[in-house]
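Positions are given from 1 along the sequence.
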Amino acid sequence: MPAKGPRVAKPASRWLTIVGIGEDGVTGLGDEAKRRIAEAEVVFGGKRHLALVASLVKGEARSWPTPFDAEMRDVLALKGKNICVLASGDPFFHGVGVTLARKVKPDEMLALPAPSSLSLAASRLGWALQDVETISLHSHSIDLIRPLLHPGARILALTSDGDSPAAIAGLLDELGFGPSRLTVLEALGGPDETRRTTRADAFDLKNTNPLNVLALEVESTPDARILPFTVGLSDHLFEHDGQITKREIRAITLSALAPRRGELLWDIGAGSGSIGIEWMLAHPSMRAIAIEADKERAVRIRRNASHCGVPGLVVVEGSAPKALVKLEMPDAIFIGGGGSDDGVLKKAIKALRPGGRLVANAVTLEMETLLLDQHTRRGGDLTRIALSRAAPVGSMQAWRPAMPVMQWSWVKP
């Protein structure tokens with residue numbers, strides 16, 4: 001008897017089609033995409049998208065609700081019917097496809113993407129897309145672009161509207177990147193496509209199409225605010241009142257915290273927010289909550305976060321341990337200030353998820369005593385960090401020691 005072949009699972013019914021559409025409308029669609037739109041019982045999309053394919057739609061056309069429903073209730077309510085969703089360009093590049101994929105299984109939908117606006121922009125400029133920094137600033141703070149600003153960098157940015165390129169140019173000029181070359185690519189792929197170029201410090205483009213991509217060729221002045229890729233940013237990059245984990249200590253602390261993709265940090269007694277900020281700078285997926293009792297410092301932390309390109313840092317005003325109640329379970333905790341206050345260390349240890357890391361720094365004898373006790377009871381690593389800096393002594397130089405820091409790092413079993 002011939003050997004039986006492997007069983008192939010019958011694919012689930014694909015009730016949902018996601019069609020990517022460009023500014024050229026029906027002209028740029030393939031035959032399969034056209035057929036799927038024409039056969040759909042209901043076609044969802046933005047008003048602009050629905051207008052572009054109006055000649056194909058035979059079923060009901062529904063525009064997205066305002067405000068946009070990220071839960072996709074209207075689409076999911078029609079599961080089992082023949083449904084089509086229209087999206088801009090590639091639906092899985094900062095698009096509605098990403099939202100739908102959280103709700104619909106892959107074998108229940110068919111995606112027919114068009115080129116993304118960034119792919120079109122790269123092709124117009126002759127840029128190798130794999131060598132370009134890409135970022136979506138659509139409905140996001142333009143401060144997110146700050147960590148990408150390095151001399152020689154090429155950046156493609158999705159923007160929110162026609163005013164965004166001018167705002168980004170102003171930010172670049174303010175930060176010392178005025179000589180940067182900016183190209184605004186408007187209505188890419190459509191009959192109204194245009195491309196205009198200017199310098200950031202001489203930006204004077206008017207009547208910019210809301211549908212635009214901004215291309216940046218970054219150049220800097222000698223005093224530009226550049227955020228290095230390494231941990232341990234210079235202290236002068238942060239506003240502070242002296243309550244800051246100093247550069248060298250911060251680098252060692254972040255090494256002990258060992259950031260991993262998508263993790264959440266609690267920065268207890270955040271001071272200037274430098275630990276949480278650098279944690280988030282490690283990768284765009286990183287999250288952090290800064291807990292700070294002093295209101296003025298809390299305001300300063302928010303400002304530092306924006307100025308360092310991580311405006312998503314969450315600041316909780318209040319004293320630990322009370323302020324820790326109801327916060328999301330962290331993957332890592334840093335205790336820099338207030339760690340010797342009653343109940344703080346105990347609450348932090350209890351809140352940490354299994355396998356999570358806790359790092360606490362001590363400069364006072366009281367905090368050292370607590371950390372020594374925890375090390376005796378729980379294990380982990382104890383490190384003593386002593387730094388000296390050269391400073392004037394009369395007409396000469398000598399080493400001036402900083403306060404030593406005891407660091408306890410521990411992984412919760």
Side-chain angles (χ1 to χ4, degrees), residues 11-101 103-124 136 138-139 158-162 184-195 207-213:
S13 174
R14 287 192 171 97
W15 60 273
L16 175 64
T17 303
I18 309 173
V19 174
I21 186 169
E23 283 300 291
D24 51 358
V26 172
T27 304
L29 295 176
D31 292 340
E32 177 73 356
K34 293 176 183 177
R35 183 177 68 81
R36 292 276 178 164
I37 294 170
E39 292 178 354
E41 296 173 66
V42 182
V43 180
F44 288 91
K47 292 180 180 179
R48 182 174 59 86
H49 294 145
L50 292 171
L52 287 170
V53 300
S55 62
L56 297 177
V57 177
K58 294 182 174 60
E60 179 187 355
R62 288 197 199 177
S63 59
W64 295 122
T66 303
F68 183 75
D69 178 19
E71 296 300 315
M72 292 287 166
R73 295 179 183 87
D74 290 347
V75 175
L76 297 177
L78 298 175
K79 181 178 178 179
K81 295 183 179 293
N82 188 347
I83 306 301
C84 181
V85 169
L86 303 176
S88 295
D90 185 345
F92 287 89
F93 186 76
H94 299 289
V96 73
V98 179
T99 305
L100 283 165
K103 309 290 181 182
V104 181
K105 295 178 181 178
D107 58 359
E108 293 181 3
M109 61 183 178
L110 172 67
L112 301 171
S116 72
S117 57
L118 296 194
S119 291
L120 291 174
S123 70
R124 301 296 192 265
S136 175
H138 183 72
S139 300
L158 297 175
T159 69
S160 290
D161 50 40
V184 183
L185 301 104
E186 305 166 69
L188 282 163
D192 298 325
E193 178 177 323
T194 58
R195 186 172 75 197
N207 302 317
T208 302
N209 191 304
L211 299 174
N212 68 79
V213 171

Contacts of T194 meeting side chain to side chain donor-acceptor pair (under 3.5 Å) (sequence neighbours excluded), chain-then-number -> E186
In this structure, CG of L86 is separated from CD1 of I18 (nearest 0.5 Å) by 10.5 Å
Can you give the donor-acceptor pairs under 3.5 Å from side chains of residues 52-64 to other protein atoms, not counting sequence neighbours?
{"unit_1": "E60", "atom_1": "OE2", "unit_2": "R62", "atom_2": "NE", "d": "3.0"}

Residues that A121 engages under side chain to side chain contact (heavy atoms under 4.5 Å, CB included), provided they are two or more places apart: L156, L185, L188, V213
Residues that D90 engages under side chain to side chain contact (heavy atoms under 4.5 Å, CB included), provided they are two or more places apart: F92, F93, P113, S116
Can you pull out every salt bridge (Lys or Arg N to Asp or Glu O under 4.0 Å) where at least one residue sits in residues 110-124? Sequence neighbours excluded, please. R124-E193
Answer whether the closest heavy-atom distance between the side chains of L16 and E108 falls below 4.5 Å. no
If I take atom CG from residue N82 and atom CZ from residue R14, how far apart are they, to the nearest 0.5 angstrom? 13.0 Å
Side chain to side chain donor-acceptor pair (under 3.5 Å) partners of D24, counting only residues at least two apart: none
Sequence neighbours excluded and cut-off under 3.5 Å, please list the side-chain donor-acceptor pairs for residues 71-81, or say none.
{"unit_1": "E71", "atom_1": "OE1", "unit_2": "K103", "atom_2": "NZ", "d": "2.7"}
{"unit_1": "R73", "atom_1": "NH1", "unit_2": "D69", "atom_2": "OD1", "d": "2.7"}
{"unit_1": "R73", "atom_1": "NH1", "unit_2": "D69", "atom_2": "OD2", "d": "3.3"}

What pairs with S117 under side chain to side chain donor-acceptor pair (under 3.5 Å), at least two apart in sequence or on another chain? none
Among residues two or more places apart or on two chains, list those pairs meeting ring pair (Phe, Tyr, Trp, His ring centres under 6.0 Å) that have a residue in residues 13-39. none
Can you name the residues that form a side chain to side chain donor-acceptor pair (under 3.5 Å) with T17, not counting sequence neighbours? R36
Distance col, row H94:NE2 vs L118:CG, nearest 0.5 angstrom, shows 7.0 Å
